[in-house]
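Below is one structure, written out as C-alpha cells; comments come after it.
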Amino acid sequence: LRSLADPQTPPERRAELAQLFGEVKNPASVAVLVNAARDDESDLVRQAALAALATYDEPSVAGELLPVYDRMSSDVREVAHALFLSRPAWTLAWLSAIERKEIGSAHVPQHLVRRLQGDSRDDVAGLARRIWPLTGAPTTAELQAQIDRLTQALGEANGDPYAGKKLFTTQCGKCHTLFGAGGKIGPDLTSFKRTDLPNMLLAVVNPSAEVREGFETFTAVTTDGRVATGLLVDQDQQVVVLRGADGQTLSLARSDIEQLEPAKVSIMPDGLVNDLSEQQVRDLFAYLRSTQPLNN
C-alpha cells in the first residue's frame with residue numbers, strides 16, 4: 001500500500017499493485033485506490049485503480065470520484081463508466097449528479113445511454129430516461145439510410161490511408177488489431193474480408209446485427225450486487241474471466257457469481273463514425289481496406 005501511494009514508485013508497478021488489490025480484497029486499500037483514481041498523474045494508474053475499486057462494495061466511492069469526473073481523460077473516463085455501472089448505488093449517485101448538472105452528460109456515450117434507459121432496475125431506468133428522454137433504438141430503415149449515406153460518401157472521392165491509420169488508432173485500435181497493432185477486445189481485422197464494403201459498413205453501423213463467434217458479450221451479477229459486462233475470455237470450474245470494452249480484465253470466482261448470461265447486443269458501440277466528416281470516413285476506410293501495413 002505504501003508503494004502504491006508513493007509517487008516515486010514507477011507507474012507500471014503502481015498499476016500492477018492496484019490490479020492486485022482488485023483481485024485480493026483488502027479493505028485498507030480502498031482509500032489508497034480512491035486517491036490514486038482521483039489524483040494520480042498517470043492515466044495507467046488511474047485506470048487500474050478504478051477497475052480495482054469495483055471489487056469493494058463501499059458506498060462512498062462514487063461520491064469521492066464524481067468531483068473529478070469532468071476532468072478525466074477519455075480513456076480514464078471509460079473505466080470510470082464501467083465502475084459506476086458496476087453497483088446500483090454508484091449508478092444512482094452518478095446519474096443523480098448528472099441530473100443535478102453537477103457533472104456533464106456529454107461524456108456518456110450513446111450505447112451506455114441506451115443501456116441505462118433499458119436497465120432492469122426501475123429507479124435506474126427512470127432516472128436515465130429523465131436525463132435522456134427515450135427516443136428508441138434506430139429502426140432498420142434508419143440504419144439502412146446511414147449505410148446508404150456512407151456508401152455514397154465513399155464513392156465520391158478517395159481517402160488518405162495514412163490519415164485513416166491515425167483515425168483507426170483513436171476510433172478502433174483500442175479494441176481491434178490490424179496488421180499486428182491494436183487491442184484484443186474485438187476480432188483481429190487483418191484476416192477479415194475488408195474488401196467487402198457492404199458487410200464492413202453493416203458491422204460499423206449495426207455491430208449487433210452479427211456477432212462473430214467467440215466475441216459474444218456476457219453480463220455477470222455477483223452475490224454482493226456487482227454487475228460486470230464483457231467478453232468471456234476464459235473460464236473453468238473456479239473462475240470466470242471477462243474483458244470489458246474499457247480493456248480491463250476481470251476475474252470472478254464462480255462461487256461469487258449469482259447470474260451469468262449472454263447479452264443481447266455487441267460490446268462494440270454503434271455510431272462510431274457519426275461524428276466523422278465524409279472525408280474522415282473515406283480516410284478511415286482507405287486504411288481499413290489496405291492490403292498491407294503502412295510505413296509511418
Side-chain angles (χ1 to χ4, degrees), residues 78 109-115 118 135-219 229-233 242-247 261-295:
E78 192 170 2
Q110 197 60 38
H111 70 97
L112 287 188
V113 170
R114 285 195 290 274
R115 175 177 164 185
T135 57
T139 64
T140 301
E142 289 170 334
L143 293 172
Q144 187 58 52
Q146 291 182 43
I147 292 174
D148 293 342
R149 177 179 60 81
L150 293 172
T151 301
Q152 180 178 350
L154 290 170
E156 289 177 347
N158 293 325
D160 177 0
Y162 289 92
K165 182 178 180 180
K166 296 178 181 178
L167 286 168
F168 176 87
T169 300
T170 58
Q171 298 288 116
C172 319
K174 185 182 298 183
C175 296
H176 293 285
T177 296
L178 183 57
F179 302 128
K184 306 294 184 183
I185 298 171
D188 187 333
L189 299 182
T190 309
S191 59
F192 193 78
K193 193 175 181 181
R194 289 174 284 111
T195 56
D196 186 346
L197 184 59
N199 276 335
M200 287 275 286
L201 288 173
L202 177 62
V204 170
V205 171
N206 187 13
S208 297
E210 181 180 355
V211 180
R212 294 180 67 177
E213 185 177 355
F215 292 93
E216 301 91 346
T217 306
F218 281 76
T219 297
T229 300
L231 300 180
L232 184 63
V233 296
L242 300 177
R243 182 180 297 125
D246 56 5
E261 293 183 348
K264 298 178 181 178
V265 296
S266 169
I267 196 172
M268 175 178 168
D270 50 16
L272 285 176
V273 297
N274 288 358
D275 295 330
L276 300 183
S277 68
E278 290 188 354
Q279 185 57 49
Q280 286 177 315
V281 169
R282 288 190 283 265
D283 294 343
L284 176 60
F285 274 82
Y287 177 62
L288 286 172
R289 290 187 283 181
S290 298
T291 57
Q292 58 187 3
L294 302 180
N295 294 324

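Everything numeric here is computed off the predicted structure, so don't read it as measured data.
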- request: Drop me the distance from Ser277's OG to Leu284's CG, to the nearest 0.5 angstrom.
  value: 10.5 Å

- prompt: Is the closest side-chain heavy-atom distance between Leu288 and Phe192 below 4.5 Å?
  reply: no

message: Is there a side chain to side chain contact (heavy atoms under 4.5 Å, CB included) between Leu242 and Val233? Walk through the geometry before answering.
response: CA-CA 6 Å; Leu242 300 177; Val233 296; over 6 Å; no

Side chains of Phe285 and Val204 in contact at under 4.5 Å (non-hydrogen atoms): yes

- prompt: Around atom NZ of Lys166, are there more than 12 heavy atoms of other residues, nucleotides or ligands at under 6.0 Å?
  reply: no

- prompt: Is a donor on one side and an acceptor on the other found under 3.5 Å between the side chain of Asp283 and the backbone of Asp160?
  reply: yes

query: Do you know the tightest heavy-atom contact between Leu154 and Val281?
result: CD2-O, 3.8 Å

statement: Nearest heavy-atom approach of Gln280 to Asp275 is OE1-O, 4.3 Å

field: Heavy-atom pair with the smallest gap, counting every atom of Asn158 and Gln279
entry: O-NE2, 3.4 Å

task: Could you check if a side-chain atom of Gln146 sits within less than 4.5 angstrom of a side-chain atom of Val273, using non-hydrogen atoms only?
output: no

task: Return the minimal non-hydrogen interatomic distance between Met200 and Lys193, and the atom names on each side.
output: CG-O, 4.2 Å

query: To the nearest 0.5 Å, how far apart are CD in Gln292 and CG in Leu294?
result: 8.0 Å

- prompt: With distance as the sole test, does Thr177 use its side chain to make a donor-acceptor pair with the main-chain N or O of Gly183 at under 3.5 Å?
  reply: yes

- prompt: In Å, rounded to the nearest 0.5 Å, how long is the span from CG of Leu197 to CD1 of Ile147?
  reply: 9.5 Å

query: So do the side chains of Asp148 and Gln144 get within less than 4.5 Å of each other, counting heavy atoms only?
result: yes

task: Step by step, work out the side chain to side chain contact (heavy atoms under 4.5 Å, CB included) result for Leu178 and Lys165.
output: CA-CA 10 Å; Leu178 183 57; Lys165 182 178 180 180; over 6 Å; no

field: Nearest heavy-atom neighbours spanning Arg115 and Thr229
entry: NH2-OG1, 3.3 Å

- prompt: How about Gln152 and Arg149: does a side-chain donor come under 3.5 Å of a side-chain acceptor?
  reply: no

- line: To the nearest 0.5 Å, atom CG of Leu201 lies from atom CG of Leu150 at 5.5 Å

task: Could you name each residue pair satisfying ring pair (Phe, Tyr, Trp, His ring centres under 6.0 Å) that touches residues 166-187, not counting sequence neighbours?
output: Phe168-Tyr287

- prompt: Can you name the closest pair of heavy atoms from Pro161 and Ser290 and give their distance?
  reply: CB-OG, 4.0 Å

